[in-house]
Amino acid sequence: MVLRKGPRAAAAAGAVAFGFLGLIGAGTYAASGVGQTGGSSLALAPGTVPAAYQGLIQQWGTRCAQISPPMLAAQLYQESGFDPTARSAAGAYGIAQFLESTWATYGVDGNGDGRKDIWDPADAIPAAATYDCALAQDTANVPGDPQANLLAAYNAGPYAVISAHGVPAYQETQGYVRSIKALEQSFSAPVSTVAVSPQASGAIYFAQTKLGTPYLWGGEGLPSQEGRFDCSGLTQAAYASVGITLPRVANDQWYAGPHPSRDQLRPGDLVFFATDLGDPRSIHHVGIYVGGGYMINAPHTNAVIRYDTIDQRDYIGATRVTQDGAAALPARSVTGTITGGSVPTPQPTAQSAAPASAPPASPASLTSPASPSSPVSGAGSGAPLTLQQADLRSPTRRP
(Lines give C-alpha, C1' and ligand atoms only; values in the text may rest on other atoms or scores of the structure.)
Protein backbone atom coordinates (compact mmCIF):
# COMPACT_ATOMS: atom_id res chain seq x y z
CA MET A 1 0.00 0.00 0.00
CA VAL A 2 1.36 3.41 -0.91
CA LEU A 3 0.83 5.77 2.00
CA ARG A 4 0.43 9.52 1.72
CA LYS A 5 3.27 11.68 3.05
CA GLY A 6 2.79 15.03 4.68
CA PRO A 7 2.80 16.99 7.93
CA ARG A 8 1.38 14.15 10.01
CA ALA A 9 4.11 11.75 8.89
CA ALA A 10 6.69 14.39 9.75
CA ALA A 11 5.10 14.81 13.15
CA ALA A 12 5.32 11.07 13.71
CA ALA A 13 9.02 11.11 12.87
CA GLY A 14 9.53 13.92 15.37
CA ALA A 15 7.63 11.99 18.03
CA VAL A 16 10.02 9.06 17.61
CA ALA A 17 12.96 11.29 18.48
CA PHE A 18 11.34 12.13 21.81
CA GLY A 19 10.46 8.59 22.82
CA PHE A 20 7.27 7.89 20.88
CA LEU A 21 6.58 4.53 22.50
CA GLY A 22 6.95 5.96 25.98
CA LEU A 23 4.44 8.64 25.09
CA ILE A 24 1.81 6.26 23.81
CA GLY A 25 2.33 3.85 26.69
CA ALA A 26 1.46 6.57 29.18
CA GLY A 27 -1.01 8.56 27.13
CA THR A 28 -3.07 6.42 24.82
CA TYR A 29 -4.03 3.75 27.33
CA ALA A 30 -5.14 6.42 29.81
CA ALA A 31 -7.06 8.38 27.21
CA SER A 32 -8.93 5.41 25.85
CA GLY A 33 -10.53 4.42 29.13
CA VAL A 34 -10.77 1.19 31.08
CA GLY A 35 -11.17 -1.92 28.96
CA GLN A 36 -14.31 -3.97 29.46
CA THR A 37 -15.31 -7.37 28.23
CA GLY A 38 -16.80 -7.03 24.75
CA GLY A 39 -20.23 -8.51 24.25
CA SER A 40 -21.98 -9.68 21.11
CA SER A 41 -25.28 -8.89 19.45
CA LEU A 42 -27.21 -10.26 16.50
CA ALA A 43 -25.63 -7.56 14.34
CA LEU A 44 -22.65 -8.22 12.10
CA ALA A 45 -19.50 -6.22 12.77
CA PRO A 46 -18.89 -3.69 9.97
CA GLY A 47 -16.55 -4.86 7.23
CA THR A 48 -16.49 -8.52 8.24
CA VAL A 49 -18.82 -9.88 5.56
CA PRO A 50 -18.78 -9.01 1.84
CA ALA A 51 -21.56 -6.49 1.21
CA ALA A 52 -23.17 -8.77 -1.37
CA TYR A 53 -23.95 -11.34 1.35
CA GLN A 54 -24.68 -9.15 4.39
CA GLY A 55 -28.44 -8.97 3.85
CA LEU A 56 -28.78 -12.71 3.31
CA ILE A 57 -26.72 -13.59 6.38
CA GLN A 58 -28.54 -11.06 8.54
CA GLN A 59 -31.95 -12.31 7.35
CA TRP A 60 -31.36 -16.06 7.46
CA GLY A 61 -29.13 -15.96 10.53
CA THR A 62 -32.23 -15.45 12.65
CA ARG A 63 -34.19 -18.38 11.21
CA CYS A 64 -34.16 -20.16 14.58
CA ALA A 65 -33.13 -19.24 18.10
CA GLN A 66 -30.03 -21.44 18.13
CA ILE A 67 -28.22 -19.56 15.36
CA SER A 68 -27.29 -15.93 14.76
CA PRO A 69 -25.99 -13.89 11.82
CA PRO A 70 -22.43 -13.82 13.25
CA MET A 71 -22.50 -17.59 13.77
CA LEU A 72 -23.76 -18.20 10.23
CA ALA A 73 -21.07 -15.84 8.90
CA ALA A 74 -18.43 -17.72 10.89
CA GLN A 75 -19.53 -21.01 9.36
CA LEU A 76 -19.45 -19.65 5.81
CA TYR A 77 -16.02 -18.16 6.36
CA GLN A 78 -14.75 -21.41 7.91
CA GLU A 79 -16.09 -23.41 4.98
CA SER A 80 -15.14 -21.29 1.97
CA GLY A 81 -13.81 -17.87 2.95
CA PHE A 82 -17.00 -16.47 1.32
CA ASP A 83 -15.94 -17.89 -2.04
CA PRO A 84 -19.05 -18.91 -4.02
CA THR A 85 -16.88 -20.87 -6.48
CA ALA A 86 -15.19 -23.01 -3.81
CA ARG A 87 -14.91 -26.69 -4.62
CA SER A 88 -13.40 -29.17 -2.15
CA ALA A 89 -11.64 -32.46 -2.79
CA ALA A 90 -14.53 -34.14 -0.95
CA GLY A 91 -16.98 -32.94 -3.61
CA ALA A 92 -18.50 -30.10 -1.59
CA TYR A 93 -19.51 -27.04 -3.59
CA GLY A 94 -20.15 -23.34 -3.22
CA ILE A 95 -20.02 -20.77 -0.47
CA ALA A 96 -21.57 -23.19 2.07
CA GLN A 97 -19.70 -26.29 0.85
CA PHE A 98 -22.67 -28.62 0.41
CA LEU A 99 -22.37 -32.15 -0.89
CA GLU A 100 -24.87 -32.85 -3.66
CA SER A 101 -26.53 -35.52 -1.51
CA THR A 102 -27.08 -33.02 1.30
CA TRP A 103 -28.23 -30.37 -1.12
CA ALA A 104 -30.90 -32.71 -2.45
CA THR A 105 -32.52 -32.65 0.99
CA TYR A 106 -31.76 -29.17 2.29
CA GLY A 107 -31.33 -27.03 -0.82
CA VAL A 108 -33.43 -23.84 -0.79
CA ASP A 109 -34.69 -21.61 -3.60
CA GLY A 110 -33.80 -18.50 -1.64
CA ASN A 111 -34.20 -15.98 -4.45
CA GLY A 112 -37.43 -17.44 -5.82
CA ASP A 113 -36.15 -17.97 -9.35
CA GLY A 114 -37.54 -21.50 -9.50
CA ARG A 115 -34.14 -23.20 -9.10
CA LYS A 116 -32.17 -24.51 -6.14
CA ASP A 117 -28.64 -23.72 -7.23
CA ILE A 118 -25.84 -25.06 -5.03
CA TRP A 119 -23.46 -22.44 -6.52
CA ASP A 120 -25.72 -19.43 -5.94
CA PRO A 121 -25.16 -17.75 -2.53
CA ALA A 122 -28.78 -16.52 -2.67
CA ASP A 123 -29.79 -20.20 -2.37
CA ALA A 124 -26.81 -21.67 -0.49
CA ILE A 125 -26.83 -19.22 2.42
CA PRO A 126 -30.54 -19.83 3.19
CA ALA A 127 -29.88 -23.57 2.82
CA ALA A 128 -27.02 -23.41 5.33
CA ALA A 129 -29.29 -21.71 7.88
CA THR A 130 -32.07 -24.21 7.14
CA TYR A 131 -29.70 -27.11 7.71
CA ASP A 132 -28.42 -25.60 10.97
CA CYS A 133 -31.96 -25.22 12.26
CA ALA A 134 -32.84 -28.80 11.29
CA LEU A 135 -29.86 -30.00 13.32
CA ALA A 136 -30.94 -27.77 16.21
CA GLN A 137 -34.33 -29.48 16.15
CA ASP A 138 -32.72 -32.94 15.99
CA THR A 139 -30.65 -32.16 19.11
CA ALA A 140 -33.25 -30.10 20.96
CA ASN A 141 -33.50 -32.56 23.86
CA VAL A 142 -29.76 -32.93 24.36
CA PRO A 143 -28.48 -31.24 27.53
CA GLY A 144 -25.92 -28.45 27.37
CA ASP A 145 -25.42 -25.49 25.07
CA PRO A 146 -27.95 -25.79 22.20
CA GLN A 147 -25.73 -23.91 19.77
CA ALA A 148 -22.69 -26.06 20.60
CA ASN A 149 -24.81 -29.18 20.15
CA LEU A 150 -26.03 -28.16 16.69
CA LEU A 151 -22.49 -27.28 15.63
CA ALA A 152 -21.30 -30.66 16.87
CA ALA A 153 -24.15 -32.29 14.95
CA TYR A 154 -23.10 -30.37 11.82
CA ASN A 155 -19.65 -31.93 12.14
CA ALA A 156 -20.29 -35.38 13.64
CA GLY A 157 -23.99 -35.96 13.04
CA PRO A 158 -26.93 -35.62 15.44
CA TYR A 159 -26.83 -39.29 16.44
CA ALA A 160 -23.29 -38.85 17.78
CA VAL A 161 -24.43 -35.82 19.81
CA ILE A 162 -27.51 -37.61 21.13
CA SER A 163 -25.46 -40.67 22.07
CA ALA A 164 -22.83 -38.57 23.86
CA HIS A 165 -25.49 -36.39 25.60
CA GLY A 166 -23.70 -33.34 24.24
CA VAL A 167 -20.64 -32.54 22.18
CA PRO A 168 -18.89 -35.88 21.57
CA ALA A 169 -15.25 -36.34 22.52
CA TYR A 170 -13.98 -36.33 18.95
CA GLN A 171 -11.01 -34.03 18.57
CA GLU A 172 -12.17 -32.69 15.20
CA THR A 173 -15.71 -32.05 16.40
CA GLN A 174 -14.63 -30.29 19.58
CA GLY A 175 -12.20 -28.19 17.55
CA TYR A 176 -14.92 -27.28 15.08
CA VAL A 177 -17.28 -26.15 17.85
CA ARG A 178 -14.54 -24.06 19.51
CA SER A 179 -13.52 -22.51 16.21
CA ILE A 180 -17.00 -21.42 15.15
CA LYS A 181 -17.88 -20.01 18.56
CA ALA A 182 -14.58 -18.08 18.67
CA LEU A 183 -14.99 -16.83 15.10
CA GLU A 184 -18.54 -15.78 15.94
CA GLN A 185 -17.01 -13.12 18.19
CA SER A 186 -15.00 -11.72 15.28
CA PHE A 187 -18.17 -11.35 13.19
CA SER A 188 -20.25 -9.86 16.03
CA ALA A 189 -20.67 -6.13 16.44
CA PRO A 190 -19.35 -5.41 19.97
CA VAL A 191 -21.91 -4.06 22.41
CA SER A 192 -19.31 -2.76 24.87
CA THR A 193 -15.66 -1.74 24.90
CA VAL A 194 -13.47 -4.62 23.74
CA ALA A 195 -11.08 -5.88 26.41
CA VAL A 196 -7.43 -4.88 26.04
CA SER A 197 -5.07 -7.53 24.67
CA PRO A 198 -2.50 -8.54 27.32
CA GLN A 199 0.02 -9.31 24.55
CA ALA A 200 -0.25 -5.91 22.86
CA SER A 201 2.76 -4.22 24.42
CA GLY A 202 5.03 -7.16 23.58
CA ALA A 203 3.91 -7.13 19.95
CA ILE A 204 4.56 -3.39 19.74
CA TYR A 205 7.99 -3.81 21.30
CA PHE A 206 8.95 -6.42 18.71
CA ALA A 207 7.79 -4.19 15.85
CA GLN A 208 9.65 -1.22 17.34
CA THR A 209 12.92 -3.17 17.22
CA LYS A 210 12.44 -3.55 13.45
CA LEU A 211 12.06 0.16 12.68
CA GLY A 212 14.26 1.11 9.73
CA THR A 213 14.39 -2.43 8.32
CA PRO A 214 13.89 -2.47 4.52
CA TYR A 215 10.62 -3.90 3.19
CA LEU A 216 10.64 -7.23 1.33
CA TRP A 217 7.62 -8.71 -0.49
CA GLY A 218 6.99 -12.09 1.13
CA GLY A 219 9.45 -11.27 3.91
CA GLU A 220 9.08 -13.12 7.21
CA GLY A 221 12.27 -11.89 8.87
CA LEU A 222 14.22 -15.04 8.01
CA PRO A 223 18.04 -14.97 7.96
CA SER A 224 17.89 -15.84 4.26
CA GLN A 225 15.80 -12.68 3.80
CA GLU A 226 18.24 -10.55 5.82
CA GLY A 227 15.61 -10.12 8.52
CA ARG A 228 13.26 -8.19 6.24
CA PHE A 229 9.44 -8.25 6.30
CA ASP A 230 6.36 -7.39 4.33
CA CYS A 231 3.31 -5.97 6.13
CA SER A 232 1.66 -9.18 7.31
CA GLY A 233 5.01 -10.89 7.84
CA LEU A 234 5.81 -8.18 10.40
CA THR A 235 2.49 -8.47 12.22
CA GLN A 236 2.71 -12.26 12.21
CA ALA A 237 6.20 -12.17 13.68
CA ALA A 238 5.25 -9.50 16.24
CA TYR A 239 2.44 -11.64 17.66
CA ALA A 240 4.49 -14.83 17.38
CA SER A 241 6.96 -13.14 19.74
CA VAL A 242 4.22 -13.11 22.42
CA GLY A 243 2.97 -16.63 21.74
CA ILE A 244 0.09 -16.02 19.29
CA THR A 245 0.16 -17.69 15.88
CA LEU A 246 -1.44 -15.54 13.19
CA PRO A 247 -2.06 -16.68 9.62
CA ARG A 248 0.33 -15.38 7.00
CA VAL A 249 -1.77 -12.93 5.02
CA ALA A 250 -3.54 -9.73 5.99
CA ASN A 251 -7.09 -10.59 5.00
CA ASP A 252 -6.96 -13.70 7.20
CA GLN A 253 -5.42 -11.82 10.15
CA TRP A 254 -8.52 -9.57 9.98
CA TYR A 255 -10.56 -12.32 11.67
CA ALA A 256 -8.16 -12.99 14.57
CA GLY A 257 -10.39 -11.30 17.15
CA PRO A 258 -13.15 -8.71 17.69
CA HIS A 259 -13.22 -5.38 15.89
CA PRO A 260 -13.01 -2.21 18.00
CA SER A 261 -14.38 0.99 16.52
CA ARG A 262 -12.06 3.82 15.49
CA ASP A 263 -12.57 5.64 18.77
CA GLN A 264 -11.83 2.47 20.78
CA LEU A 265 -8.47 1.70 19.19
CA ARG A 266 -5.76 0.67 21.63
CA PRO A 267 -2.04 0.10 21.10
CA GLY A 268 -1.43 -3.39 19.71
CA ASP A 269 -4.59 -3.53 17.59
CA LEU A 270 -4.04 -4.56 14.00
CA VAL A 271 -5.27 -1.92 11.55
CA PHE A 272 -6.31 -2.88 8.02
CA PHE A 273 -6.70 -1.28 4.61
CA ALA A 274 -8.75 -2.51 1.64
CA THR A 275 -9.35 -1.58 -1.97
CA ASP A 276 -13.10 -2.13 -1.48
CA LEU A 277 -14.41 -1.10 1.94
CA GLY A 278 -17.48 -3.28 1.37
CA ASP A 279 -15.46 -6.46 0.88
CA PRO A 280 -12.91 -7.71 3.44
CA ARG A 281 -11.53 -10.07 0.81
CA SER A 282 -9.89 -6.98 -0.76
CA ILE A 283 -7.77 -6.21 2.34
CA HIS A 284 -4.23 -5.56 1.11
CA HIS A 285 -2.33 -4.00 4.02
CA VAL A 286 -1.99 -4.29 7.79
CA GLY A 287 -0.08 -2.47 10.51
CA ILE A 288 0.16 -2.43 14.32
CA TYR A 289 -1.56 0.51 15.98
CA VAL A 290 0.64 2.38 18.47
CA GLY A 291 -1.67 5.22 19.50
CA GLY A 292 -2.27 8.82 18.52
CA GLY A 293 -3.53 7.83 15.07
CA TYR A 294 -0.31 6.07 14.06
CA MET A 295 0.86 2.56 13.30
CA ILE A 296 4.12 0.71 12.81
CA ASN A 297 4.07 -0.96 9.40
CA ALA A 298 6.13 -2.32 6.55
CA PRO A 299 4.54 -0.11 3.88
CA HIS A 300 5.84 -1.08 0.42
CA THR A 301 8.84 -1.89 -1.74
CA ASN A 302 11.70 0.64 -1.48
CA ALA A 303 10.48 1.75 1.96
CA VAL A 304 11.47 0.78 5.51
CA ILE A 305 9.46 -0.28 8.54
CA ARG A 306 8.26 2.98 10.03
CA TYR A 307 5.46 4.92 11.72
CA ASP A 308 2.61 6.08 9.47
CA THR A 309 -0.80 7.62 10.01
CA ILE A 310 -3.79 5.28 9.83
CA ASP A 311 -5.98 8.07 8.46
CA GLN A 312 -6.08 6.72 4.91
CA ARG A 313 -9.05 6.55 2.56
CA ASP A 314 -8.74 2.76 2.38
CA TYR A 315 -8.84 2.17 6.16
CA ILE A 316 -11.43 -0.59 6.70
CA GLY A 317 -11.08 -1.20 10.44
CA ALA A 318 -9.13 -2.89 13.20
CA THR A 319 -8.84 -6.22 15.00
CA ARG A 320 -7.97 -6.79 18.64
CA VAL A 321 -6.04 -10.04 18.44
CA THR A 322 -6.98 -12.79 20.89
CA GLN A 323 -5.45 -16.20 21.47
CA ASP A 324 -8.78 -17.94 20.84
CA GLY A 325 -9.55 -15.85 17.78
CA ALA A 326 -6.21 -16.62 16.15
CA ALA A 327 -6.47 -20.33 16.95
CA ALA A 328 -9.97 -20.51 15.40
CA LEU A 329 -8.94 -19.38 11.94
CA PRO A 330 -9.21 -22.01 9.20
CA ALA A 331 -6.17 -23.39 7.45
CA ARG A 332 -5.36 -22.62 3.83
CA SER A 333 -3.77 -24.83 1.23
CA VAL A 334 -0.76 -23.71 -0.80
CA THR A 335 -3.17 -22.54 -3.51
CA GLY A 336 -4.87 -20.17 -1.06
CA THR A 337 -8.11 -22.14 -0.65
CA ILE A 338 -9.50 -22.75 2.81
CA THR A 339 -9.13 -26.27 4.18
CA GLY A 340 -10.12 -27.83 7.48
CA GLY A 341 -13.81 -26.96 7.44
CA SER A 342 -16.65 -29.39 8.00
CA VAL A 343 -18.60 -30.72 5.05
CA PRO A 344 -22.36 -30.75 5.80
CA THR A 345 -23.85 -34.16 5.00
CA PRO A 346 -27.17 -35.82 5.80
CA GLN A 347 -26.83 -37.31 9.25
CA PRO A 348 -28.65 -40.12 11.07
CA THR A 349 -30.81 -39.21 14.02
CA ALA A 350 -31.86 -41.44 16.87
CA GLN A 351 -35.14 -42.03 15.03
CA SER A 352 -33.74 -42.64 11.53
CA ALA A 353 -31.27 -44.91 9.85
CA ALA A 354 -28.03 -43.59 8.44
CA PRO A 355 -28.40 -42.39 4.84
CA ALA A 356 -26.68 -44.29 2.07
CA SER A 357 -24.13 -41.49 1.66
CA ALA A 358 -22.84 -41.82 5.22
CA PRO A 359 -20.25 -44.48 6.04
CA PRO A 360 -21.25 -47.04 8.64
CA ALA A 361 -20.36 -46.07 12.19
CA SER A 362 -18.45 -48.47 14.36
CA PRO A 363 -20.35 -49.61 17.46
CA ALA A 364 -17.47 -48.54 19.68
CA SER A 365 -17.56 -44.98 18.41
CA LEU A 366 -21.28 -44.72 19.07
CA THR A 367 -21.24 -46.17 22.54
CA SER A 368 -18.04 -44.67 23.90
CA PRO A 369 -18.36 -40.86 24.05
CA ALA A 370 -14.85 -40.56 25.45
CA SER A 371 -13.31 -42.00 22.28
CA PRO A 372 -10.93 -39.52 20.63
CA SER A 373 -11.60 -40.97 17.17
CA SER A 374 -12.83 -38.98 14.17
CA PRO A 375 -16.52 -38.09 13.83
CA VAL A 376 -18.53 -41.19 13.03
CA SER A 377 -20.57 -39.53 10.32
CA GLY A 378 -17.69 -38.62 8.05
CA ALA A 379 -19.04 -35.07 8.05
CA GLY A 380 -15.75 -33.31 8.53
CA SER A 381 -12.84 -32.97 6.17
CA GLY A 382 -10.71 -35.15 8.43
CA ALA A 383 -8.06 -32.43 8.62
CA PRO A 384 -7.35 -30.90 12.04
CA LEU A 385 -8.34 -27.27 12.37
CA THR A 386 -4.81 -25.93 12.68
CA LEU A 387 -3.15 -22.95 11.04
CA GLN A 388 -0.80 -23.26 8.13
CA GLN A 389 0.97 -20.58 6.16
CA ALA A 390 -0.23 -19.56 2.75
CA ASP A 391 2.26 -19.90 -0.08
CA LEU A 392 3.12 -16.30 -0.90
CA ARG A 393 4.22 -17.35 -4.36
CA SER A 394 0.56 -17.77 -5.20
CA PRO A 395 -0.71 -14.63 -6.98
CA THR A 396 -4.12 -15.14 -5.36
CA ARG A 397 -2.88 -14.18 -1.90
CA ARG A 398 -1.83 -10.77 -0.61
CA PRO A 399 0.65 -10.24 2.23
Side-chain angles (χ1 to χ4, degrees), residues 41-88 90-137 147 150-151 153-155 180 183-184 186-189 251-252 254-255 274-283 316 330 336-339 341-347 357 379 381 396:
S41 69
L42 292 179
L44 294 167
T48 55
V49 171
Y53 310 135
Q54 284 181 9
L56 285 166
I57 294 171
Q58 195 69 55
Q59 174 188 353
W60 287 89
T62 57
R63 180 174 176 83
C64 61
Q66 293 84 357
I67 67 173
S68 68
M71 192 211 84
L72 181 58
Q75 281 188 300
L76 296 170
Y77 177 71
Q78 178 76 258
E79 297 303 327
S80 69
F82 300 117
D83 180 3
T85 68
R87 180 191 301 262
S88 79
Y93 304 135
I95 194 170
Q97 288 291 278
F98 272 99
L99 294 175
E100 290 182 330
S101 56
T102 316
W103 185 259
T105 303
Y106 294 99
V108 171
D109 178 14
N111 57 8
D113 65 356
R115 296 188 308 128
K116 300 178 181 180
D117 186 351
I118 198 170
W119 297 103
D120 188 345
D123 294 342
I125 291 173
T130 299
Y131 186 64
D132 279 341
C133 291
L135 293 173
Q137 185 174 6
Q147 188 183 80
L150 87 83
L151 289 171
Y154 185 97
N155 181 266
I180 297 301
L183 276 173
E184 182 181 7
S186 180
F187 287 96
S188 298
N251 53 8
D252 285 335
W254 170 242
Y255 293 107
T275 56
D276 179 353
L277 300 185
D279 190 347
R281 294 171 299 181
S282 71
I283 287 173
I316 191 172
T337 58
I338 281 182
T339 63
S342 178
V343 178
T345 57
Q347 304 300 341
S357 60
S381 66
T396 63

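- Closest non-hydrogen pair, Leu56 versus Pro126, comes out as CD2-CG, 4.5 Å.
- Minimum interatomic distance between Ala74 and Glu184 (heavy atoms only, all atoms of both residues): CB-N, 3.8 Å.
- Between the side chains of Tyr77 and Asp252, at least one donor-acceptor pair of N or O atoms lies under 3.5 Å.
- The side chain to side chain donor-acceptor pair (under 3.5 Å) check on Thr48 picks up nothing, with sequence neighbours excluded.
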### Message
Using the rule given for side chain to side chain contact (heavy atoms under 4.5 Å, CB included), can you reason through Ile125 versus Gln59, listing the C-alpha separation, both sets of side-chain angles and the distance that settles it, and then say yes or no?
### Response
CA-CA 10 Å; Ile125 291 173; Gln59 174 188 353; over 6 Å; no
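- Contact record, Ala127 with Gly107: CB-CA, 4.1 Å, taken as the closest heavy-atom pair.
- With a 4.5 Å cut-off on side-chain heavy atoms, Pro69 and Thr62 count as touching.
- The line from CD of Gln54 to CG of Asp279 is 9.5 Å long, rounded to the nearest 0.5 Å.
- Among residues two or more places apart in sequence or in another chain, the side-chain contact (heavy atoms from CB on, under 4.5 Å) test is passed with Ala134 by Tyr106.
- The CD atom of Glu100 lies 12.5 Å from the OG1 atom of Thr105; values are rounded to the nearest 0.5 Å.
- Residue Ser88 holds its OG atom at 7.0 Å from CG of Leu99, rounded to the nearest 0.5 Å.
- Asp132 is listed as a side-chain neighbour of Met71, based on a closest heavy-atom distance under 4.5 Å.
- Checking side-chain atoms of Arg63 against main-chain N and O of Cys133 turns up no donor-acceptor pair under 3.5 Å.
- Looking only at side-chain heavy atoms (C-beta outward), Tyr53 and Pro84 come within less than 4.5 Å of each other.
- Between Gln97 and Ala86, the shortest heavy-atom distance links the atoms NE2-O, 3.2 Å.
- Residues in residues 114-123 take part in these side chain to side chain donor-acceptor pair (under 3.5 Å) pairs, two or more places apart or across chains: Asn111-Asp120.
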#### Entry: Test log, rule side chain to side chain contact (heavy atoms under 4.5 Å, CB included), inputs Phe187 and Ile57
CA-CA 11 Å; Phe187 287 96; Ile57 294 171; over 6 Å; no
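- Atom CD of Gln75 sits about 11.0 Å away from atom OG of Ser80, to the nearest 0.5 Å.
- Taking CD1 of Ile180 as the start and CD1 of Ile67 as the end, the distance is 12.5 Å to the nearest 0.5 Å.
- To the nearest 0.5 Å, the span separating CG on Leu135 from OG1 on Thr130 amounts to 11.0 Å.
- Minimum interatomic distance between Asp109 and Gly114 (heavy atoms only, all atoms of both residues): OD2-N, 2.9 Å.
- The minimum heavy-atom distance linking Gly47 with Ile316 is given by the pair O-CD1, 4.2 Å.
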